[in-house]
Colleague: 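After the structure tokens below, expect a handful of questions from me.
The shown structure was predicted, so the numbers you read here are calculated from the model rather than taken from an experiment. All values below were derived from every heavy atom in this structure, side-chain atoms included, with hydrogens, water molecules and symmetry-related copies excluded.
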Amino acid sequence: TLDFYWDPTFAAVRVTSPYDDASMGGFVEMGTDLIPMNTLKGAIHWRRDKHWEQGINYNALGEFLVTDPIKQLSEETLSFAVENTIHATRNFDVVTGISYDMNDVTRADGTLQPLPELDKWNWQAAAIYSYSRDGKVHADVSSRTRFPTLFDRYSSRFGGRTEEPGLDAERATNYEIGVSDTFFSTLHVSSAVFYSDIENLILTANSAANGNSSFVVYNADGEHRGFELSADWDATRTLRIGGNYTYLDRDIDFGSAAGSYTALDALGNPNIPGTITGQRAISNSQVEGTPTHEWFIYASWKATSKLTLTPSMEIASDRTVLVTSCASTLVSGPGPESGTTGGCGKPANPEPKPSYVDLGSYALLNFRADYDFTENFSAAVGVTNLLDQNYSLAEGFPQAGRQFYATARAKF
């Protein structure tokens with residue numbers, strides 16, 4: 001349940017919005033080595049997602065006013081995939097694969113538009129060469145799609161945007177080259193360089209219709225590039241030290257999306273010409289939600305033949321996010337050409353800029369202890385965010401503090 005209040009004192013609730021979500025699915029995978037020098041695999045995946053929501057409204061005194069109708073959404077996703085590995089030589093493999101994916105919205109209360117149906121082909125190819133017993137180099141290319149979710153299609157962002165059931169799937173063409181090897185029999189190192197060319201990127205951009213306004217851009221193109229590096233070192237017979245680092249640079253062409261921007265009417269039909277204000281705001285949108293640098297560092301000490309102690313640290317650099325609060329001084333208006341005040345009733349800004357803020361970097365210390373009672377039964381206890389750091393991945397939604405957990409595993 002999500003509760004909204006009339007003011008920061010939380011004296012009277014404005015809207016109570018209960019939600020209920022459920023997912024179910026299954027898969028079948030199969031494979032064979034009967035074909036000489038080939039490993040053939042196939043898979044079928046199916047998933048159904050359901051969403052239920054309702055709004056219960058109150059006046060400024062906290063007295064009940066009206067209950068909104070129940071809204072239900074549901075979708076199904078089905079995928080058929082085949083992958084074949086050709087063992088061309090003892091040291092050289094060629095992997096190819098293809099899949100056919102379908103996504104259908106089966107229910108969408110409150111909309112007059114047709115229920116979307118999407119189907120896409122995906123493919124991949126890779127070459128893997130083992131130049132020594134432990135050394136491998138690989139190169140791969142793939143073209144994959146991501147279907148829009150029910151949230152992408154139907155969430156109005158609490159009135160900040162119009163539903164867009166007709167969103168197309170985004171497609172990424174990915175390229176990667178990597179190498180891995182073991183040195184001095186104790187140091188294992190791997191690295192990879194990657195690049196992705198993305199079309200029809202699904203993401204949130206600011207339209208500056210008001211201070212809380214945002215909508216899903218469905219025709220922005222972009223590029224992702226970066227590299228990964230990991231190392232694991234057996235310092236002694238009982239101590240392993242390791243970690244990994246990822247660098248990610250994202251570049252989104254918001255300008256092209258702004259140039260073709262067309263506003264939607266109340267029914268979601270694209271028949272209202274886009275405004276200059278909206279185009280300016282989209283052009284000023286920024287890439288949000290991901291850090292440029294990420295590290296993970298750990299040390300695993302086998303204290304006894306049965307007990308293993310593992311402290312670790314997660315580190316991430318700053319990330320940019322969209323501010324959605326009218327209380328923010330960053331919120332700006334739609335511009336003087338509209339003849340109105342700015343977003344949230346604030347003065348108009350001749351060059352409307354979306355409201356962004358940097359969340360700050362963080363470093364989380366974790367600890368885990370594993371105990372092997374037998375070969376077939378083990379248990380572990382641990383704590384995450386040991387120093388109880390206050391950090392966020394999205395503006396206004398702080399992450400959990402110190403958490404304790406326990407797990408057990410049995411093999412049959």
Colleague: Is Asp249 paired with Arg225 through a side-chain N to carboxylate O contact shorter than 4.0 Å?
Modeller: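 Asp249 and Arg225: salt-bridged.
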Colleague: If you measure only the distance, is there a donor-acceptor pair under 3.5 Å linking the side chains of Thr85 and Asp93?
Modeller: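 No, no side-chain donor-acceptor pair sits under 3.5 Å.
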Colleague: Tell me if the NZ atom of Lys302 is crowded by more than 12 foreign heavy atoms within 6.0 Å.
Modeller: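 Check passes, neighbour count above 12.
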Colleague: Using distance alone, with no hydrogens and no angle criterion, decide if Ser317 and Thr292 have a side-chain donor and acceptor under 3.5 Å apart.
Modeller: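 Note: Ser317 and Thr292 side chains miss the donor-acceptor criterion.
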Colleague: Going by distance alone, is a donor N or O of one side chain under 3.5 Å from an acceptor N or O of the other, for Ser79 and Asp101?
Modeller: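 Side-chain D/A pair, Ser79 to Asp101: present.
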Colleague: Distance only, no hydrogens: is a donor on one side chain within 3.5 Å (strictly under) of an acceptor on the other, for Tyr131 and Asn91?
Modeller: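 Their side chains do not contain a donor-acceptor pair, so the 3.5 Å distance test is not met.
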Colleague: We want to know whether Tyr298 and Asp232 form a side-chain donor-acceptor pair, criterion being a heavy-atom distance below 3.5 angstrom.
Modeller: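 Yes - a donor-acceptor pair under 3.5 Å links their side chains.
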Colleague: Are Glu314 and Asn366 close enough that a side-chain donor and a side-chain acceptor fall under 3.5 Å?
Modeller: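 There is such a pair (donor and acceptor under 3.5 Å, judged by atom type) between the side chains of Glu314 and Asn366.
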Colleague: Between the side chains of His138 and Glu176, does any donor sit under 3.5 Å from an acceptor?
Modeller: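 Judged by distance alone, the side chains do pair up.
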Colleague: Do Thr106 and Asp104 have a side chain donor and acceptor closer than 3.5 Å?
Modeller: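 No pair is found: no donor N or O on one side chain lies under 3.5 Å from an acceptor on the other.
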Colleague: Side-chain donor-acceptor pair under 3.5 Å between Arg48 and Ser23, yes or no?
Modeller: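 No pair is found: no donor N or O on one side chain lies under 3.5 Å from an acceptor on the other.
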Colleague: Can you tell if the side chain of Lys50 reaches within under 4.5 Å of the side chain of Asp21, non-hydrogen atoms only?
Modeller: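 The answer is no, as the side chains (C-beta and beyond) never meet within the 4.5 Å cut-off.
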Colleague: Say whether His87 and Thr39, considering side chains only, have a donor N or O and an acceptor N or O under 3.5 Å apart.
Modeller: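 Side-chain D/A pair, His87 to Thr39: present.
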Colleague: So, His293 and Tyr245: side-chain donor and acceptor under 3.5 Å apart, yes or no?
Modeller: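 Tyr245 and His293 do have a side-chain donor-acceptor pair below 3.5 Å.
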Colleague: Which value, rounded to the nearest 0.5 Å, describes the distance between Asn376 atom CG and Lys411 atom NZ?
Modeller: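 Reported value, rounded in 0.5 Å steps: 7.0 Å.
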Colleague: Charged N to carboxylate O below 4.0 Å: is that the case for Glu75 and Arg47?
Modeller: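 Salt bridge: no.
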